[in-house]
Engineer: 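Would you mind keeping the following structure in view while I ask a few things?
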Amino acid sequence: MVTIEVVPQQVRIPLATENLSAERIAYLDGLLQQARNAAAVFTQYTQEDVDRIVKPMVVAGLEQAQYLARLAVEETRLGVMEDKALKNMVATEFVYNYVKDKRTVGAIREFPERGLVEVAEPIGIILSLTPITNPTSTVLFKCIMAIKTRNAAIFSPHPNAWHCCHEAVRIMYETALKHGAPEGVFTCLESHGLQDNAYLMRHKDVALIDATGGPGVVKAAYSSGKPALGVGPGNTPVYLEKTADLNMAVVDIITSKTFDNGTICASEQTLVMDDEIYDLALKKFAELGAHICNEKETKVLERTVIDPETGFMQPIAVGQNATDIARMVGIPVKPNTKLLIAPIQGVGREYPLSAEKLFPVLAVYRAKSVDEALKVCVDVNHAGGIGHTAVVFSRNDEVIRKFADVINAGRIIVNSPGSIGAFGGVYNDMVPTFSFGCGTGGGNSTMDNVNVYHYLNIKRVAQRTQAHMWFRVPNQIYFNMNAVENLRRLESTSTIIITNPAMEHMGHVDIVRRHIPARTLVHVSVIPDAEPEVTVIQQGVEALHFYKADQIIALGGGSVIDAAKIMKLKYESPDADLEELAAPFMDIRKRVVEYPTTKINRARLVAISTTSGTGSEVTPFAVLTDKLAGRKVTLADYSLTPDVAIVDPQFVMSMPKVLTADTGIDCLTHALEAAVSIYASPYTDSNAMQAIRLVFKYLPIAYQHPHDEEARSMMHNAACIAAIAFSNAAVGVNHALAHAFGARFHVAHGRANALMLPHVIAFNASVPTKFMPSPNQRGYIAHKKYATIADLLSLGGSTIDEKVKKLIAATEKLLDQLAIPHSIAELGISREAFGQAMPDLAKIAFDDPSWRANPRMPLVSELVQLFWSAYEGWGGAGTHKHSA
Amino acid sequence: MAAIAEFFKIDGDRVAECIHEAHMQLDTARDQTTLDFSSVLRISPKDLRAMEELVERADNQSVKVVLCGVNVDIYKVLKLVKLTARFSFASNGASSIEAHQEESGHAEATE
Ligand SMILES: NC(=O)c1ccc[n+]([C@@H]2O[C@H](COP(=O)([O-])OP(=O)(O)OC[C@H]3O[C@@H](n4cnc5c(N)ncnc54)[C@H](O)[C@@H]3O)[C@@H](O)[C@H]2O)c1
Ligand SMILES: [Fe+2]
């Protein structure tokens, strides 16, 4: 019987340091000082410097693999020399293979298309605690990682593996130094003392604790208050499912569980097998040198290799071979028995062998179904193995997926050995490591195979990126007098004209009908003369279904066109949920809700506008009124944009003066807001500027002389062009104010805009209290944009300030020409009523998405001020004076 | 007492030795001693130790130690070992970074 004193992985680190002598503290401080200087000097090294040091270290480790393995076995009396030599080779050669081409100094990764660069910053001093079970291999691994990442390391090995680790550190250090590493880069405590750890763990110069070992070590590391990489124990379940390659599985499990006498914490602990293959599998295990324990022997094992007090494995058995353990507990086995297999009936304290056993004793469980097997694996996983490793042998992908779903393990090893598989790089493509992160379930900060990236602070250098911009317009826009004739070219079997009573009375519907090819079946659906409502939409959609429409012609103002847009949406995608689609968003490209892309019907939408304002014939917006809920919802998506826009002035000749004025100012507001929007681009600017020029020139004429064809035509174009601008650049705070005010006091949209307009220009032209974040703009430019507009209109002025004032004055003059009141007060709204409404107005305006593209971010108090400025009005009607 | 300054040019290949020479010549008659690091690209732990010893003695003798021409990599090393506060720093001319900086044009603003 082997009797050795081993304390595997259960080292408790004392928390207090009062037992340390002054000499000991001076000694530790000396180590720290040396390491601190080395780490500081190391920051000057280049990638090439570092790589030049790493390679010979790896070669030295390989050369000394057997020597260090022998030392480890002699000192720890655990494991198998040959296996330890193999581990030392994996720790050097495999790790090198992974790190050799990795950049760990300076810029380590670049993402030019994202404007991002990752730059490495070393950590400094790493306090490295290493375990008894993989002593030298862990040291070799950590030394290579530290050099590769330009860090200094102080090693504190497990007390019972101190000599071999000290020797491993020495070999690594001397080699590193010879190839240029800074003096003092590695040190190993000159003798082991747990008090030292307590002191070092709390020392201000230690930047990171990398603790590989049992729960005591890991807990101490985390409770030190330092950043720590603490990786702890496991309890690996293995599911051997009936479809698995049995011969391969049996050999793999034996290879893994007996490797280094089972000391690797990722090795198999409880094997769960399907009933169908259970007997055959055990037979195969027995054939290959496993001893299958009978009930009595299992009971003996339970009492001896597991501590009945704690439920943990007995240190005495750790890392011993199967024959020694059998002899030790009095189970007769054949010579050269590799593995003791003990059938168990459940998992938990009542079934002691279901615990972690770092020696070649494997518990087995017969499962009646996949479901039962998975549950037992979950039980094992939760009996001390959360976050660590699990193994599954199966050819059924569904089983593997389910296993991966329910088992919480950082390494889920499929159809290969658990222990060697978990190291990575041998049986799979995981990152090679000797530290298995167990995630939060294991009380660890990482679940990864700890690697060089955990030894680095990675800085992200983020360049300013330009937001992707766009410019989207309908496929076809026909304009000028008699543009309606283009309808002849549009093939359709069944067309529905959506319009309102006024259009029928004025004969507009007949004009449209005349231009539709004779073979097309045409139906007219007249909707009420009001902003679109849910019930109206439903009726329209029913008509579209009834006539199997393949073309919708919307003839009317914004209200009719918007109604038709929503009808088309619901006709093509009946499941579209308008309520959901109207959900708020900040950036149309990042919006949460998605508009339907699958369509059961298809209809071309032709929009013929009969007002010169909204430009709805080219916009991706539709405003819907929900009378029941008492609110308006705005739908916005480029899929709502009409397919064909017809901008034919003959349909606007009939517009009454007030409508001409209101819609014309709506158009001007669209253009002015698009011009200063944070989404403005040269594409939208060209449209916005042209629209502004046309409005200033032709709106007064169209207003005074409604029959002036040129003026009507130009204003009709201006509305469309301004809409093209704001469809892509959005509107601003003027619309937010107008929406809130118009809805509350039943003031037409264009008029509401007009009442706000001079005040909003002054607001945007002055220095913002809050800037709107906008990556596409370099500096604040709204006032300069207004000045450019003033120049375009030849308004004069020599400074930006003067030009802005001229633009405001010109706008006021235009409003005057259109007989638009100067103030809200003039509408007959009392100061009291307005004041009472103010809290609601401000709240609604702030919630309105329109201002999200405004160059100046409005505070709620500023919205209130703007409302009051509009109430008082301009040009002497009120008391307010706006300033640019 | 008149302010008399001593000046040492540090050789990039013999940093510790040069600092040691400066150390030897520190005496109370001088108010200040200046070490010119402009030919030093990198320092080693040994150099650091020499600097620690120098500044230790200089502090005792109330001599101000001024480092000039220290590159930013070395400055960071001194920062990490908390030595920057114990020296004064003087710059000498444009850094190599500025010398390599190319004139770059500005993209047109969205105006
Ligand atoms: N989709 C968009 O991009 C967008 C943009 C701004 C506003 N809107 C919405 O558009 C609607 C406002 O549209 P609008 O300003 O075109 O008004 P509108 O369509 O509501 O029409 C206003 C009135 O003018 C009448 N009318 C229309 N054309 C006429 C003509 N040629 N001659 C005589 N009378 C005529 C209508 O019958 C109606 O009574 C609102 O619902 C608003 O929310 C939509
Ligand atoms: Fe509008």
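Letters A, B, ... mirror the listed sequences (proteins, then strands); counts begin at 1.
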Engineer: Give me the atom names and distance for the closest heavy-atom approach of A:M57 to A:A176.
Structural biologist: SD-CB, 3.9 Å

Engineer: With a 4.5 angstrom heavy-atom cut-off, could you sort out which part of A:Q33 is near chain B: side chain, backbone, both or neither?
Structural biologist: side chain

Engineer: Might you confirm whether atom CD of A:Q463 has over 12 heavy atoms from other residues, nucleotides or ligands at distances under 6.0 Å?
Structural biologist: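 Check fails, neighbour count at 12 or below.
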
Engineer: By number, which residues in residues 78-88 of chain B have some heavy atom less than 4.5 Å away from chain A?
Structural biologist: B:L80, B:V81

Engineer: Check the angle between the aromatic planes of A:F471 and A:Y683 and answer parallel, tilted or perpendicular using the 30° and 60° thresholds.
Structural biologist: tilted

Engineer: Look at the rings of A:H670 and A:F726 and say which category their plane angle falls in: under 30° parallel, 30 to 60° tilted, over 60° perpendicular.
Structural biologist: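 Ring orientation of A:H670 relative to A:F726: tilted.
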
Engineer: How long is the gap from CG on A:D51 to NZ on A:K148, to the nearest 0.5 Å?
Structural biologist: 3.5 Å

Engineer: Between A:Y45 and B:R42, is there a cation-pi geometry (under 6.0 Å to ring centre, at most 45° from the normal)?
Structural biologist: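 Yes, B:R42 sits over the ring of A:Y45.
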
